[in-house]
Amino acid sequence: MKDRTRFFEDVHDVVRLVPAGRVTTYGAIAAYLGLKSAARMVGWAMNAAHAITGVPAHRVVNRNGLLSGKHHFGSPTEMQRLLEAEGVRVVDDQVQDFDNLLWEPLKELSEP
DNA sequence: GATGTGACTGACC
DNA sequence: TGGTCAGCCACAT
């Protein structure tokens with residue numbers, strides 16, 4: 001039991017591991033969970049994470065570094081504000097230097 | 001029980 | 001070069 005629901009827990013756990021000032025993508029989380037093609041599920045899990053504290057959903061953006069989920073925050077600018085507060089530059093709802101700030105659990109947590 | 005939807009991604013035309 | 005289509009899994013109705 002609790003085999004499938006663990007997906008949400010895993011997503012929340014991974015997002016919590018994202019260090020401040022870094023961002024990750026839905027695909028990276030999905031890939032880490034073994035569902036690299038189920039990025040949608042990650043977004044859905046984030047919806048549940050919305051009701052949980054300690055899950056920096058604002059650090060999760062789409063593959064283009066675009067704040068696709070900003071609209072799900074209290075305010076459409078809340079996500080950008082949180083990122084900027086951590087030192088992440090956001091312009092036009094898009095993370096600047098995204099490629100350098102990208103934090104992939106499958107890659108970061110895979111290092112010895 | 002079946003159908004629709006969802007904060008995405010990659011491939012194809 | 002840009003737009004469109006299908007795929008993935010879980011939850012809600």
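In what follows, every chain begins at residue 1, and chains take the letters A, B, ... in the order their sequences are listed.
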Item checked: Rounded C1' spacing from dA7(B) to dG3(C) in Å -> 22 Å
Next item on the list: Determine the Euclidean distance between corresponding P atoms of dT5(B) and dC5(C); express it in Å to zero decimal places.
Entry: 16 Å
Note to self: Among residues 41-60 of chain A, which ones have heavy-atom contacts with DNA chain B below 4.0 Å?
What the structure shows: Met41(A), Gly43(A), Trp44(A), Met46(A), Asn47(A), His50(A), Ala57(A)
Item checked: Identified side-chain hydrogen bond (donor to acceptor under 3.5 Å, both in side chains) partner of His58(A) from the options Glu78(A), His72(A), Arg81(A), Glu86(A) -> Glu86(A)
Item checked: Matching residue for Val95(A) among Asn100(A), Asn62(A), Leu101(A) - test: side chain to side chain contact (heavy atoms under 4.5 Å, CB included) -> Leu101(A)
Side-chain contact test, heavy atoms from C-beta onward, threshold under 4.5 Å: evaluate it for [X] versus [Y] and give yes or no.
X: Val88(A); Y: Phe98(A); answer: no
X: Arg16(A); Y: Ile52(A); answer: yes
X: Asp10(A); Y: Tyr32(A); answer: no

[X]: what forms a side-chain hydrogen bond (donor to acceptor under 3.5 Å, both in side chains) with it, not counting sequence neighbours?
X: Asp99(A); result: none
X: Asp13(A); result: none
X: Asn47(A); result: none

Margin query: In dot-bracket form, 5' to 3', how is DNA chain B paired? Count Watson-Crick and G-U wobble pairs only if both distances fall under 3.5 Å, and write | where the partner sits on another strand.
Written below: .|||||.||||||
Next item on the list: Kindly say whether Ala28(A) contributes a backbone atom to a donor-acceptor pair with the side chain of Thr25(A) at under 3.5 angstrom?
Entry: yes
Item checked: Heavy-atom contact window of chain A on DNA chain B, given 5' to 3' at under 4.0 Å -> dG6(B) to dG10(B)
Checklist line | Length of the OH-P vector between Tyr26(A) and dA10(C), whole Å | finding: 19 Å
Check: Counting heavy atoms not belonging to His50(A), are there more than 12 under 6.0 Å from its NE2?
Finding: yes
